[in-house]
Novice: 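The following block contains the structure, expressed as structure tokens.
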Amino acid sequence: MSKAEAEEITDRAPQVRRTVTRTLVVLAGMFVFAFALVPLYDVFCQVTGLNGKTSASAQTLANQDADMSRTVNMQFITRSSAGLPWQLEAHTRQVQVHPGASVEVHFTFTNLSDRTMVARAVPSVTPSEAATHLRKLACFCFQNQQLGPGESFKAPLVFQLTRELPDDIRTVTMVYTLHPQDSGPRQVQVSDPTFDQWLAGHVSALDLAMDNS
């Protein structure tokens, strides 16, 4: 190698290092963006109702009178993911709902296995545009549920379809799919007596406020 070639390589070294550094920074940024894309997509779906995703936390029911001139058929479907020996049963498979009215239905979880397990019911709504008009005050889907071998418990779902639901939607289907979760501390179940007392008082107060409005 000639002296001129060696000097050229030496002169180009800083430029090569800058190029490599920039490439590594871009790759790191792409990795972080890809990692954050899933939770960002989940938030976007919850806000817009895309793919029928609903809120993962309790919501305040809209303070509006029921539209008695209109009825929507609300259907409930339950299923378990593969390999999860649990059963989720809807006590009411379908109910006629007046938009604006609050409705309470019940479900029962049963662990059919011989060991303690943790699972979560993940909801989705069809048609997807109905998701933004579905408000849930109480739902077992807000937290994981832990059940011992053969254990069962009953849980309420208190919800409302708002009056802004498009007129062409006459049937709304909510699907709850059970998914296994990592073991952990026992979650407070929505069927606990303290929760039931709070829920009864809250719903009564809400109904009274609507009647007086």
Side-chain angles (χ1 to χ4, degrees), residues 35-82 84 86-109 119-145 154-181 187 189-191 195 199 202-203 206-207 209-210:
F35 185 78
L37 190 59
V38 172
L40 288 174
Y41 177 74
D42 287 341
V43 171
F44 176 77
C45 288
Q46 288 182 6
V47 172
T48 63
L50 184 65
N51 288 338
K53 290 197 172 185
T54 64
S55 175
S57 59
Q59 300 164 287
T60 302
L61 302 187
N63 187 11
Q64 52 187 216
D65 295 329
D67 183 359
M68 304 305 294
S69 67
R70 183 182 174 199
T71 300
V72 178
N73 184 33
M74 188 75 178
Q75 301 177 335
F76 302 99
I77 297 175
T78 59
R79 59 190 182 185
S80 295
S81 57
L84 180 65
W86 279 40
Q87 179 180 352
L88 177 59
E89 178 185 3
H91 294 197
T92 304
R93 288 293 179 180
Q94 60 181 9
V95 62
Q96 300 299 310
V97 177
H98 296 297
S102 60
V103 181
E104 179 175 346
V105 293
H106 292 85
F107 295 73
T108 294
F109 287 79
R120 186 165 191 155
V122 178
S124 62
V125 174
T126 302
S128 59
E129 54 264 37
T132 56
H133 303 284
L134 174 66
R135 304 183 69 84
K136 293 176 293 183
L137 171 65
C139 183
F140 44 83
C141 58
F142 294 154
Q143 66 272 316
N144 295 343
Q145 306 298 337
K154 180 181 176 181
L157 166 65
V158 179
F159 70 94
Q160 175 192 51
L161 291 175
T162 67
R163 293 174 61 111
E164 291 73 30
L165 182 74
D167 292 337
D168 60 338
I169 298 179
R170 299 181 179 178
T171 298
V172 176
T173 302
M174 177 174 284
V175 180
Y176 281 105
T177 304
L178 285 172
H179 294 279
Q181 303 293 311
Q187 302 289 330
Q189 297 177 348
V190 293
S191 59
F195 179 87
L199 178 60
H202 195 91
V203 172
L206 179 63
D207 291 341
M210 287 185 173

Novice: Where the side chain of Arg163 meets the backbone of Asp65, is there a donor-acceptor pair that is under 3.5 Å apart?
Specialist: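 Yes; judged by distance alone, with no hydrogens or angles, the pair exists.
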Novice: Report the relative orientation of the aromatic rings in Tyr176 and Phe140; use parallel for angles under 30°, tilted for 30 to 60°, perpendicular for over 60°.
Specialist: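 Judged by the thresholds at 30° and 60°, the geometry between Tyr176 and Phe140 is tilted.
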Novice: With rounding to the nearest 0.5 Å, note down the distance linking CZ in Arg93 to CZ in Phe76.
Specialist: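 Between atom CZ of Arg93 and atom CZ of Phe76 there are 10.5 Å.
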Novice: Between Val175 and Pro123, is there a side-chain heavy-atom distance shorter than 4.5 Å?
Specialist: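 With C-beta onward as the side chain, the pair stays apart.
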Novice: Report the distance from atom NE2 of His179 to atom OG1 of Thr177, rounding to the nearest 0.5 Å.
Specialist: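 Between atom NE2 of His179 and atom OG1 of Thr177 there are 5.0 Å.
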Novice: Just verifying a value: how many Å separate Ile169 CD1 and Leu161 CG, rounded to the nearest 0.5 Å?
Specialist: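 With rounding to 0.5 Å, CD1 (Ile169) is 9.0 Å from CG (Leu161).
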Novice: Pair Glu129, Leu165 - check side chain to side chain contact (heavy atoms under 4.5 Å, CB included), show working.
Specialist: CA-CA 9 Å; Glu129 54 264 37; Leu165 182 74; over 6 Å; no
Novice: Between CZ of Phe159 and CZ of Arg135, what distance do you get to the nearest 0.5 Å?
Specialist: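 One gets 14.0 Å once the value is rounded to the nearest 0.5 Å.
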Novice: Can you tell me how far the NZ atom of Lys154 sits from the NE2 atom of His106, to the nearest 0.5 Å?
Specialist: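 NE2 of His106 is found 4.5 Å from NZ of Lys154.
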Novice: Is the number of heavy atoms from other residues, nucleotides or ligands within 6.0 Å of CZ (Arg79) greater than 12?
Specialist: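 It does not: Arg79 CZ has 12 such atoms or fewer within range.
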Novice: Within the 4.5 Å heavy-atom criterion, are Thr171 and Val72 side-chain neighbours or not?
Specialist: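 No. Closest side-chain heavy atoms not under 4.5 Å.
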Novice: How far apart are the closest heavy atoms of Val125 and Ala131, and which atoms are they?
Specialist: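 Shortest heavy-atom separation between Val125 and Ala131 comes out as CG1-N, 4.2 Å.
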Novice: Passes side chain to side chain contact (heavy atoms under 4.5 Å, CB included), Leu134 versus Met74? Steps please.
Specialist: CA-CA 11 Å; Leu134 174 66; Met74 188 75 178; 4.2 Å; yes
Novice: Is there a side-chain contact between His133 and Pro166, using heavy atoms and a 4.5 Å cut-off?
Specialist: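 A side-chain contact under 4.5 Å exists here.
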Novice: How many angstroms lie between CZ in Phe107 and CD in Glu89, if you round to the nearest 0.5 Å?
Specialist: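 Interatomic distance, Phe107 CZ to Glu89 CD, rounded to 0.5 Å: 10.0 Å.
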Novice: If you look at every heavy atom in Asp67 and Ser69, which pair is closest and at what distance?
Specialist: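 Closest approach of Asp67 to Ser69, heavy atoms only: OD1-OG, 2.6 Å.
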Novice: Are the side chain of Thr78 and the backbone N or O of Leu88 linked by a donor-acceptor pair below 3.5 Å?
Specialist: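 Yes, the answer is positive, given that a donor and an acceptor are paired below the 3.5 Å cut-off.
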Novice: Distance-only, no hydrogens or angles: does the Ser81 side chain make a donor-acceptor pair with backbone N or O of Leu178 under 3.5 Å?
Specialist: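 At least one qualifying donor-acceptor pair exists.
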Novice: Quick one: does any side-chain atom of His98 pair with a main-chain N or O of Arg70 as donor and acceptor, under 3.5 Å?
Specialist: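 Yes: the side chain of His98 pairs with the backbone of Arg70.
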Novice: Do side-chain atoms of Gln160 reach the backbone of Leu61 as a donor and acceptor pair under 3.5 angstrom?
Specialist: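 No, the answer is negative, given that no donor and acceptor are paired below the 3.5 Å cut-off.
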Novice: Is it true that a side-chain atom of Thr92 and a backbone atom of Val105 form a donor plus acceptor pair closer than 3.5 Å?
Specialist: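 Judged by distance alone, no pair lies under 3.5 Å.
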Novice: Decide side chain to side chain contact (heavy atoms under 4.5 Å, CB included) for Cys141 and Lys136; before the verdict, give the C-alpha distance in whole Å, the side-chain angles of both, and the deciding distance to 0.1 Å.
Specialist: CA-CA 10 Å; Cys141 58; Lys136 293 176 293 183; 3.6 Å; yes
Novice: Run the numbers on Thr108 and His91 for side chain to side chain contact (heavy atoms under 4.5 Å, CB included), then give the verdict.
Specialist: CA-CA 7 Å; Thr108 294; His91 294 197; 2.6 Å; yes
